Each structure stands twice: as structure tokens, then as C-alpha cells.
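Notes follow once the structure below has been shown.
Since the model is a prediction, treat every value here as computed from it, not as a measurement. Heavy-atom basis, side chains included; hydrogens, waters and symmetry copies ignored. Along the sequence shown, residues carry numbers from 1.
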Amino acid sequence: APFNFGLAILLNQKMLTLGEKLQTAPPLLPMLIEGQSFIDAQDELSVTDFMRKYGMPERINEEVFIAMAKALDFIDPDKLSMTVVLTAMNRFLNEDNGLQMAFLDGNQPDRVCAPMVEHIEARGGKVVMNAPVQEIVTEEDGSVKHLLLRSGEKIVADEYVSAMPVDIVKRMIPMAWQTMPYFRQFDELEGIPVINLHMWFDRKLKAVDHLCFSRSPLLSVYADMSVTCKEYYDPDKSMLELVFAPCSPLAGGNTNWISKSDEEIIDATMGELARLFPTEIAADDKWPSTKNQGPQGQARLRKYAVVKVPRSVYAAIPGRNKYRPSQRTPIPNLTMAGDWTSQKYLGSMEGAVFGGKLAAEVVAKKAKGMDLPPIKDIQPEIVESAKTYQPMKPLGVKGDGAIAFGGGATLSKKSESLLREVDPVQFA
């Protein structure tokens, strides 16, 4: 990867000139020489701040960083921490498989979740579904006594591991923990909205067998699943999956798309696809944004699904890394997992796996009586604010379904009404 990556950069003359490449390289050298310490130190700077501080050409933002930022965190480069971009680039340059990408050959429940369940159950474990936690009940010393489920059942264990998204964890923190600085730092992290789109066309679009990165103001990454995924293979018709981002002002967008109707979102997307596939997308009266398409465009949308995720990965805006908590907590029988916990990757599948691995190491060391990793230092302002915090009854999680617990779903009227109640900022 390092050699191929470097060669590709040198040979590609369409995006940056040789002079611009030479102007871009020096600011990145400390990343290679100093490593992670330099990368972490850039967290207070946005991508555009870093560019201007080190005199990088403005065109690299348009040609590279816009697409990269939107792919990494569904956010524009003027909002994204430079640490995120440097972490990715460091992987590209230092790991021989750092540039490899792959698709599942089918849907996630069958190809990822089912094998994991089989692995757990084959070793005597049990996976319980549709059993939401109502409350984390604590002992007088603050340790976890049991989990109270909505059904009234109590789950008692030697060790408890939370893998909940940060926005859900914040709704569940017991009163006994609310003045602890470890838990107060969670207030500095919040999930960012994103929308996933599934679009079926009546004919084949020109496509590549890969994930495509977009500099579109509305689209992040997309792929033709009829080409890249075995389960969706179709030689005659395309099925695109796209990430619609940024979709909120927090991420740098001008519009709060979570509050828009599915039809408005698809119309905006069709307009962007008309730009990406100018000779293929048809002018369709159903989608006004395609009205200027020429007669050569023939591809029409057959059906679609809009999956909204109001609180996805944490927003990696500048200055957030220092608030990501260690997997070890001040509660003796609680360990924290999740992509938002402290580890070298951002909120991502890789970050979720690595955060889970670090959490498992904490649990294993507890079981063996080994020395535990230290709890990550808490910022002084968090320690001070925790002293005056007034505990309140945890809000808990209302409703059912994926969105209630930090996932994504197609919004029904019922789930939209619930979202307006529990997270009104999404409709501001």
C-alpha cells in the first residue's frame, strides 16, 4: 500500500499539479516522523485550519479533503478534526493493507450477525433480543446491582459491558454516577445525523466494482451494489446505496435533512445523480431536479428506501478526542465499549471492533486479577463542573425500534412523532 499509494499520487495529474503536491507534502512529514503523538496533537484544528496553518494549497480541499471528510465522518472539512484525516492517511502509508476495501457478499444480519450469534452460542453463551433495559440499578457503593428490563426481569452478572452509543448511554446514567467526572465528559460528545439511501433503477448505470467517493455537496460515498455485492448482483439493473451527508448544520450542511420528507431527500439525490451520470439519468416528472436532463438519459428510479440515523457516530469536530473515555471506568463491575470510547480510530466499524477488543482485555484482566490499564485522565474543566452538577432521574429510552436505541430506520409516523418528543433538535 505505501508504494502503490505514493505512486498513484505522483502519476495522477488530474487532481493536483506537481507544484501543489510538493506544497502539500511537508506538513504531512511530521505525521510519518512523530507518529501518533503528532496526530493526536492536531485534534484542536479542523482540516481547513490545519491546511491554512501549514500553507497547503486551497485546491487540495476541493480535490481531496471534502470527499475524504465526508467519507470518514459524514461531515465537511471545516468541521472535522484533522486528527481523523491524519489517522486515515497514516494507515494508508504504514499498513500494507491500509488501502484495501471490501464489501459483504450479502446483508448484514445473515452475513455478520448470524455467524457471531452462532459463535457465542456454540461456546455456551446466549444472545437475548427484544429485551430493552429500563434502568441500571446500583448498589450503595455505586457498583452495578442489576439491570432492570422493561419486562420487570432483573439481570445479575459479575461484570457488565456497555456497547451503547454515547447518546443512549447519556440517557441511562444512574443518579449515583452523574457527579463523577468520567461520566460528565460524555456531555461533550454527540452523535451526528446521517441518511442512508437505497435506490433501484430500471436499467444498468455505468459503474465500477468499488466504493466511490463524492465531492457532491449532498452525497458522501456510494456504490452500485448490483456490481459490488454478490447478493444484489444484477447484470441488467443497478441498485445504488448512498450516504447522504452532511445532512445537518452540525456537520456543516445548510439544511436539516432529517426533518425533510423522503420524497424531498430523493429528489435532491436524483439531482446529484444527474450530475454524476449526466448521460444516463432520465428526465422524470416525478423528480423535478432531473428536468434539465437531455434525451439520451434513460435510467429511471423504480423504488427507493430512505434510512434515517438521527444519532450515528460521534461528531469528530475539533477538540473531542480528549473527552473520549477509557474502556476502564470508575465503576468496579462496569466496562465501557463502543466506537466513541478512547482508541486510535474514529467512530467507525473499525473503531467499534477495536473499542470492543480493548474492553474485552479489561474484562479478561479483571477475571485474572491482573493489573488494569489506567483510567484516562479527565480534563480539569470537567472535574470542576462535575462538583456542582445536580443529579436528576435518568431520562431512559422511550419507544421501540432501531432509532430509539441509536440506530437507523425508515421513519414511520409513529417513530417520527417519538423522535420529535425525545430529540426535538432534529426538527429545529
Side-chain angles (χ1 to χ4, degrees), residues 70-71 73-76 79 165 167 190-202 205 214-225 232 237-277 280-293 297 299-313 315 397-428:
K70 286 154 66 78
D73 201 52
F74 318 131
I75 197 169
D76 279 341
K79 297 281 188 180
D167 297 282
E190 64 175 315
I192 200 166
V194 69
I195 299 172
N196 297 311
L197 304 176
H198 308 258
M199 303 174 70
W200 289 261
F201 287 86
D202 63 358
L205 300 171
S214 170
R215 291 172 291 170
S216 155
L218 294 180
L219 303 179
S220 171
V221 293
Y222 63 94
D224 188 338
M225 302 301 281
Y232 304 113
K237 299 181 181 70
S238 284
M239 184 275 202
L240 299 187
E241 289 197 3
L242 312 97
V243 176
F244 189 99
C247 62
S248 76
L250 174 65
N254 297 321
T255 303
N256 184 356
W257 287 99
I258 291 288
S259 66
K260 301 295 184 181
S261 69
D262 290 357
E263 291 73 20
E264 288 174 301
I265 292 167
I266 292 296
D267 183 50
T269 303
M270 288 296 291
E272 290 301 301
L273 290 177
R275 293 199 310 121
L276 293 171
F277 302 96
E280 296 177 80
I281 299 296
D284 190 336
D285 292 341
K286 187 174 181 180
W287 309 113
S289 63
T290 66
K291 65 181 180 181
N292 294 325
Q293 288 298 96
R300 294 178 182 272
L301 187 64
R302 293 191 296 125
K303 62 177 181 176
Y304 60 86
V306 177
V307 179
K308 295 182 178 180
V309 190
R311 298 284 180 180
S312 65
V313 296
V397 175
K398 286 188 176 183
D400 300 297
I403 287 181
F405 292 91
T410 53
L411 271 188
S412 65
K413 292 293 183 184
K414 181 179 178 181
S415 56
E416 181 178 328
S417 177
L418 180 64
L419 183 60
R420 286 181 182 275
E421 178 186 349
V422 300
D423 200 358
V425 69
Q426 299 294 343
F427 298 90

Quiz prompt | Salt-bridge criterion met for E272 and R275 (N-O under 4.0 Å) | solution = yes

Quiz item: Within the side chain of T290, is there an N or O that forms a donor-acceptor pair under 3.5 Å with the backbone of W287?
Solution: yes

Quiz item: Between atom OG1 of T269 and atom CG of L301, what is the distance when rounded to the nearest 0.5 Å?
Solution: 9.5 Å

Self-check item: Approximate separation, where rounding is to 0.5 Å, of M239 CE and H198 NE2
Solution: 6.0 Å

Self-check item: Heavy-atom side-chain proximity of M199 to M270 below 4.5 angstrom
Solution: yes

Quiz item: Has the side chain of T410 got a donor or acceptor atom that lies under 3.5 Å from a matching backbone atom of V306?
Solution: no

Quiz prompt | Shortest non-hydrogen separation from P310 to L419 and the atoms involved | solution = CG-CD2, 3.7 Å

Self-check item: Side-chain donor or acceptor of Q293 paired with backbone N/O of I281 under 3.5 Å
Solution: yes

Quiz item: Counting distance only, does the side-chain N/O of N256 pair as donor-acceptor with the main-chain N or O of Q426 below 3.5 Å?
Solution: yes

Quiz item: For the side chain of S417 and the backbone of K413, is there at least one donor-acceptor N/O pair under 3.5 Å apart?
Solution: no

Quiz item: Any donor-acceptor pair under 3.5 Å linking the side chain of D167 with the backbone of G191?
Solution: yes

Exercise. Evaluate the side-chain proximity of N196 to V243: yes if any heavy-atom separation is below 4.5 Å, no if none is.
Key: yes

Quiz item: Atom CG in L218, atom CH2 in W257: separation rounded to 0.5 Å?
Solution: 6.0 Å

Quiz item: What distance do C247 atom SG and K308 atom NZ have between them, rounded to the nearest 0.5 Å?
Solution: 9.0 Å

Quiz item: Counting N and O atoms only, with roles assigned by atom type, does the side chain of D202 sit under 3.5 Å from a partner on the main chain of R302, one being a donor and the other an acceptor?
Solution: no

Quiz item: Looking at Y222 and S214, what are the two nearest heavy atoms and their distance?
Solution: CE2-CB, 4.2 Å

Self-check item: Side-chain donor/acceptor of K70 to backbone N/O of S216, under 3.5 Å
Solution: yes

Quiz item: Salt bridge or not for D284 and R300, using N-O below 4.0 Å?
Solution: yes

Practice problem: Using a 4.5 Å cut-off on heavy atoms from C-beta on, say whether the side chain of L240 contacts that of L273. | Solution: yes

Quiz prompt | Any F244 side-chain heavy atom under 4.5 Å of L219 side chain | solution = yes

Quiz item: Is D267 close to P288 at the side-chain level, that is, under 4.5 Å between some pair of heavy atoms?
Solution: yes

Quiz item: Is F201 close to K237 at the side-chain level, that is, under 4.5 Å between some pair of heavy atoms?
Solution: no

